[in-house]
Amino acid sequence: MAADRYDAPKREKHWQRVWEERGVFRTAEDPEKPKYYVLEMFPYPSGRIHMGHVRNYTMGDVVARYKRAQGFDVLHPMGWDAFGMPAENAAMAQNVHPAKWTYENIATMRAQLKSMGLSLDWEREFATCDVAYYHQQQKLFLDFYEKGLAYRKTAKVNWDPVEKTVLANEQVIDGKGWRSGAPVEQRELMQWFFRITAYADELLEALDGLERWPEKVRTMQANWIGRSEGLLITWDLEGKKLPKKLQKLEVFTTRHDTLFGASFMAISPEHPLTAHLAKRSKRLAAFVAECRRMGTSEEAIERAEKQGFATGLFAVHPLEPGRKVPVYVANFVLMDYGTGAIFGCPAHDQRDLEFARKYGLDVLPVVIPEGADPATFEIGDEAYVGPGRLANSDFLDGLTVEEAKEAMAARLEAMGVGKRSVNYRLRDWLISRQRYWGCPIPIIHCPDCGVVPVPREDLPVTLPEDVTFDKPGNPLERHPSWKKTKCPQCGKAATRETDTFDTFVDSSWYFARFCAPHAETPVDRQAADRWLPVDQYIGGIEHAILHLLYARFFTRAMKATGHLGLDEPFAGLFTQGMVNHETYRDKAGNWRSPQEVRIVHSEEGRRAFLKESDEEVTIGAVEKMSKSKRNTVDPSDIIARFGADTARWFMLSDSPPERDVEWTEEGVQGAWRFQQRVWRLIGELEPRIKAEAAGVVGAAGAGEGGGHRERTPPSDLGPEAEALRRAAHRALRDVSRDIEGLRFNRAVAHIHELTNAISAAQKSNTPGMDWALAEAITLLIQLLGPMMPHFGEECWARLNYNTLLADEPWPRPDPALLVDDMITIAVQVNGKRRDELTIARDAGREEVEAAALKLDGVMRAIGGREIKKIIVVPQRIVNVVA
RNA sequence: GCGGACGUGGUGGAACCGGUAGACACGAGGGACUUAAAAUCCCUUGGGGGUGACCCCGUGCGGGUUCGAGUCCCGCCGUCCGCACCA
């Protein structure tokens, strides 16, 4: 037996070499064929691949191989999202240059990916930190800048005073820098932005057309863009002398129907009016400082109590000049949404209600729910936000909320104090990073000419290599000479922009670059027009919002600058689930890795023990693989032990791809056993199907030319051989359908079924069985080929085919074998299944009824009662109502 | 709080348009082979009852629509995810 084991790790290297030598997966660029672009989100070169990559790239590879076999010209490239902070962190920690660190990681990970046997076109590989790539990105930036899609403005940033650097929100923990631990300051810095808000509406509307995107992602993006229609209302201010600019206060609202319920105004602590007032009030200045302090911590803001500061100012109600409401500075009003000022209507907004209760302000209901009495309707602890009719509201009384909004908007617009307006939650994309390991922003600052783009002929602006990471701050900023240059316009001494791009910029157009990765322009228009959009994009749900939204924006911006001819980059999107694993903890409370643990199945269930000491460890929750919980499994270990095909097969088999999968040793073993089982099966069948060589193996092996293979079965097939043929062709239909729909777990189940059918049929020696077995096993190998590609080749060769399985066309089922003449349907009595009926597929209603009523189980269940009705659903079910 | 998804055996999960619930796999139990183990093969495996053919119950809980509901509708309970003072 041992001799008949398939030695996966050894044979996999062989087939990888064969594919590479023959250039099997080089993109054909054959205009005769229909194109198919399948792309997985490219990895960050962190050092080693993890199981999440294995899952992601296996799925993409199955699709790529399947589509190739279907006759598509497939583009399936790979690259590296190679800029970013970890390289700089490594530089600081280990004194290694970010470039060296990054390219070494890439080399390691490339080798790991190659060991997976992915059908990638490696000739198109690039890293975003390659000068050749970021050179093109700088060109794109200049084009965007000229179109007004990139601009500079001051913005508040999280500043770490020790590291002397800007921190991303997620790097601020409890108001302190994640590395330094120093309290983070809010600083105003000049920053670069992309004008993504210019496309807010378009990005939102186009979501409807993305039919092959998960509903969930579309919803998330829609919420992120957060469009709301409302009204800008201008109020006059009284009570203090104010400079002219500040005498009017503009607010944005979506509930202008409740204007008659207004009882206060609130402005943001960062509002210009606040700033003006704070100059004359120490107490207000202190209040503002307090709000700012709270503002640095995301958590603190969450449940912070509503607080206000009465300014002494009053706003005049636009429709009732006699009515004046107090103006507060309030900590819950955001400066960067709307106008940074609101009017408060406590009866119909929960926040306003809490605020009003705290400061003793009026709560006047103006929307009355259907059926309630306006005279007695009162607001308690909860604001009423539902539908109803207006009351206490002058000309709006009796109108519905929608009608009242319309009437109010019309009235205020006519008076010149209202303006219909659309607001978005989406803000412009801040792309400046004060870091070294990123694409330099190709701009020069001249004391006389101001902001001057680097002339195109001077591109690329490359990163200096001689940088140090021993001090905090941006190495580009403190480099002795790099930023010193001359103004391209006036020739005077000037400085380079030292900000680099957010790495999301790099990943926003890489899919377009893959179409022609060596082009002298960012995108080769002809290649992009052929290949884009990406037909199937596969990646993690964590990129549902930012990466995918930025890529959608980039595609539009690149269209506006003539680089692309389409709006949406990804026609189909699939988001795969995570890879999880059990966690283990020893008695001391330390996390233990799966490699250190032995699992025992006892009567009380599963127990875990340390291999080294036999100490029992507690089995904890199944969680996402992470270094901190030590519940990771290294793909290379698995590949070395079982082979890549086993890892791939397991990744596809257990869970629906969009859901999380739990990596288990038992599951891997099961996958490995299945592979060995098929191998043994072929070994056992070899003598029988070799005898049929002329009929199936030889004839099929001789087939050439990309079409599907015609097989002519012998005319004397017995019923058992016929049944096997049906099972095989059904499996072919089902697996094809499941791969098409990315339901890999179901495809695997159907392959198992076919394997079981072959195993069972193997025992039979009835007429034609040898031929049917040869056909079934051939189809089996073809079906599992995209999932276990090396093993597929090995089996294909063993079946004496003289082609590469990777070059084989996908087989087509024989339609005649997919319909049965005789079918078995259930027969119910009063909705309960009592028997089943095997009958000719095309039997008529009367025939079915008569046969059903004669069944033992049916007669017993009716028990002599009167039959009221018989429902016959052809080829489905019979239900006798008695 | 708002938005969304989901809830099926010991486990992961199947079940198309409302039509035989539990495919397929893992795990478990029993048996064969073996000196023994591993590997492999065979049988059993939702719960309960019956010698048996069979019968009853069963898809988170409670109702409803229907000849028929895991699937549709209403109301709960629970889990997960996203957003979170967005005016």
Side-chain angles (χ1 to χ4, degrees), chain A residues 1-2 5 214-224 226-228 230 251-256 258 266 298 301-306 330-334 336-345 348-352 354-355 382 385 423-427 541-542 544-545 601 603 605-606 622 650 653-656 658-662 664-671 673-674 676-677 680 737 743 745-753 755-756 759 824-837 856-857 860-861 868-873 875-882:
Chain A
M1 270 303 170
R5 279 231 180 128
E215 192 60 47
K216 182 189 166 106
V217 174
R218 291 193 278 170
T219 311
M220 283 164 73
Q221 293 216 348
N223 292 340
W224 188 261
R227 180 194 154 98
S228 54
V251 303
F252 175 74
T253 180
T254 57
R255 289 305 304 270
H256 34 288
T258 66
E298 297 265 327
I301 205 169
E302 216 164 274
R303 286 284 155 231
E305 210 186 325
K306 311 264 170 294
N331 64 346
F332 65 91
V333 180
L334 306 172
D336 38 11
Y337 186 81
T339 61
I342 61 161
F343 81 80
C345 176
H348 305 293
D349 183 289
Q350 194 57 32
R351 287 160 315 182
D352 295 351
E354 284 170 34
F355 191 82
E382 290 205 3
V385 294
N423 241 284
Y424 298 91
R425 211 192 76 111
L426 182 71
R427 291 168 216 160
I541 186 74
E542 66 273 18
I545 298 176
H601 292 274
E603 284 172 16
R606 299 174 75 245
V622 175
F650 176 58
S653 62
D654 243 33
S655 295
E658 68 280 8
R659 264 191 246 175
D660 287 359
V661 65
E662 185 191 353
T664 62
E665 179 72 15
E666 291 91 338
V668 183
Q669 297 278 357
R673 275 203 305 269
F674 173 73
Q676 296 299 336
R677 183 183 166 207
R680 251 190 339 267
R737 212 152 57 184
R743 295 178 295 262
N745 57 321
R746 279 155 60 172
V748 165
H750 285 126
I751 291 175
H752 278 138
E753 276 175 324
T755 310
N756 292 343
S759 279
T824 301
I825 60 172
V827 181
Q828 301 179 329
V829 176
N830 292 334
K832 282 191 180 161
R833 181 188 165 280
R834 294 297 173 180
D835 214 327
E836 57 184 33
L837 178 65
D856 288 349
R860 205 169 33 237
K868 293 181 185 137
K869 195 170 163 190
I870 303 178
I871 288 139
V872 178
V873 182
Q875 294 164 43
R876 274 262 139 102
I877 203 162
V878 179
N879 190 6
V880 181
V881 186

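Every heavy atom of this structure was used, including side-chain atoms; hydrogens, water molecules and symmetry mates were not. Each chain gets a letter, A, B and so on, in the order the sequences are listed, and its residues count up from 1.
The nucleotide whose nearest atom lies closest to any side-chain atom of A:A826 is, among B:C67, B:U20, B:A25, B:U20. If you check B:G3, B:C81, B:A14 against the side chain of A:K216, the one that comes closest is B:C81. Checking B:U20, B:A87, B:A25 against the side-chain heavy atoms of A:R833 singles out B:U20 as nearest. Each of B:G13, B:C26, B:G82 was ranked by its minimum atom distance to the side chain of A:M220; first place goes to B:G82. Nearest to the side chain of A:F332, among B:C85, B:A14, B:U40, sits B:C85. Of the candidate nucleotides B:G19, B:G3, B:A87, B:A87 has the atom lying nearest to any side-chain atom of A:Y337. The side chain of A:P656 sits closest to B:A14 out of B:C54, B:A14, B:G19. Comparing B:A87, B:G13, B:G27 against the side chain of A:S655 picks out B:G13 as the nearest. Comparing atom distances between the A:R5 side chain and each of B:G82, B:A87, B:A39 picks out B:A39 as nearest.
Residues A:R876 and A:I871 form no side-chain contact, since every pair of their non-hydrogen atoms from C-beta on lies 4.5 Å or further apart. Within the 4.5 Å cutoff, the side chain of A:D352 has heavy atoms near those of the A:I342 side chain. You'll find the side chain of A:R834 stays beyond 4.5 Å of the side chain of A:V880, heavy atoms only. A 4.5 Å side-chain heavy-atom check between A:D349 and A:R255 finds every atom pair outside the cut-off. When side chains are defined from C-beta on, A:V217 counts as touching A:I541, because their heavy atoms get closer than 4.5 Å.
Across all strands, A:V873 comes closer than 4.0 Å to base atoms (heavy-atom distances). Within 4.0 Å (heavy atoms only), A:E836 reaches at least one base atom of the nucleic acid. Counting any heavy atom pair closer than 4.0 Å across all strands shown, A:T254 reaches sugar-phosphate atoms only and no base atom. Here A:N756 lies in heavy-atom contact (under 4.0 Å) with sugar-phosphate atoms only. Contact annotation for A:N879: base contact, defined as any heavy-atom pair under 4.0 Å involving a base atom. Among the protein residues, A:V827 comes within range of no part of the nucleic acid, since none of its heavy atoms lies under 4.0 Å from any strand.
Glycosidic conformation of B:C17: syn, with the torsion inside 90° of 0. Applying the 90° criterion around 0 to the glycosidic angle, B:G75 comes out anti.
One interatomic measurement links the two molecules: CG of A:L334 to C1' of B:A84, which rounds to 11 Å at whole-angstrom precision. If you take CD of A:E215 and P of B:A5, they are 8 Å apart, rounded to a whole angstrom. Atom CZ in A:F674 sits about 18 Å away from atom P in B:A39, given to the nearest Å. For the pair A:W224 CH2 and B:A84 C1', the computed distance is 11 Å after rounding to whole Å. The distance between atom CD1 of A:I871 and atom P of B:G19, rounded to the nearest whole Å, is 14 Å. Distance A:L837 CG to B:G19 C1': 15 Å, rounded to the nearest Å. For A:Q828 and B:G19, the CD to P distance is 11 Å, given to the nearest whole Å. Rounded to whole Å, atom P of B:A84 lies 8 Å from atom CD1 of A:I545.
Only the P atoms considered, B:G78 is 16 Å distant from B:G60, to the nearest whole Å. The gap from the C1' atom of B:C17 to that of B:G13 amounts to 23 Å, rounded to the nearest Å. Distance check on atom C1': B:C57 versus B:G9 gives 14 Å, rounded to whole Å. Across the C1' atoms, B:U71 and B:U65 are found 14 Å apart, a figure rounded to whole Å. Comparing B:C80 with B:A15, their C1' atoms sit 24 Å apart, to the nearest whole Å. The separation of B:A39 from B:G30, taken at their P atoms, amounts to 16 Å, rounded to a whole angstrom. Here, B:U8 and B:G47 have their C1' atoms 14 Å apart, quoted to the whole Å. As rounded to the nearest Å, B:G70 and B:G22 have C1' atoms that lie 11 Å from one another.
Between B:C16 and A:R746, no contact under 4.0 Å exists linking OP1 or OP2 to a side-chain N or O. Distances shorter than 4.0 Å separate none of the side-chain N or O atoms of A:R737 from OP1 or OP2 on B:C16. The shortest distance between the side-chain N/O atoms of A:R743 and the OP1/OP2 oxygens of B:C24 is not below 4.0 Å. Between B:G12 and A:N745, no contact under 4.0 Å exists linking OP1 or OP2 to a side-chain N or O. Side-chain N/O atoms of A:S228 include one lying less than 4.0 angstrom from OP1 or OP2 on B:A87. Between A:R425 and B:A84 there is a side-chain N or O to OP1 or OP2 distance below 4.0 Å. Close to B:C54, at under 4.0 Å from its OP1 or OP2, lies no side-chain N or O of A:R834. At least one side-chain nitrogen or oxygen of A:K832 sits closer than 4.0 Å to the OP1 or OP2 atom of B:C57.
A:K306 contributes a side-chain N or O that forms a donor-acceptor pair with the base of B:C85 under 3.5 Å.
Scanning both residues, A:S653 and A:V748, for their nearest heavy atoms gives CB-CG1, 3.5 Å.
Here B:C67 sits opposite B:G19 as a Watson-Crick or G-U wobble pair (both hydrogen-bonding atom distances under 3.5 Å). For B:G3, the paired nucleotide is B:C81, the pair qualifying as Watson-Crick or G-U wobble because both relevant distances are below 3.5 Å. The base-pairing partner of B:U40, taking Watson-Crick or G-U wobble contacts with both distances under 3.5 Å, is B:A32. Using the Watson-Crick or G-U wobble rule with both distances under 3.5 Å, B:A25 pairs with B:U11. Pairing of B:C86, defined by two Watson-Crick or G-U wobble distances under 3.5 Å, is not identified with any nucleotide.
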Inset, instruction - Take A:Q350 and A:V385 through the side-chain contact (heavy atoms from CB on, under 4.5 Å) test and state the conclusion after the steps. - result: CA-CA 8 Å; A:Q350 194 57 32; A:V385 294; over 6 Å; no

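Projected onto RNA chain B by closest heavy-atom contact, A:I825 and A:G857 fall at different nucleotides, the more 5' of which corresponds to A:I825. Each of A:V661 and A:A749 has a nearest nucleotide on RNA chain B; the 5'-most of these lies closest to A:V661.
Put simply, CG on A:N423 and CZ on A:R227 are 10.5 Å apart, with the number rounded to the nearest 0.5 Å.
Shown here are the ring-ring contact (aromatic ring centres under 6.0 Å, His included) partners of A:F355, two or more places apart in sequence or in another chain: A:F264, A:Y328, A:F332, A:Y359.
Between A:E215 and A:R218 there is a salt bridge, since at least one side-chain N of the basic residue sits less than 4.0 Å from a carboxylate O of the acidic one.
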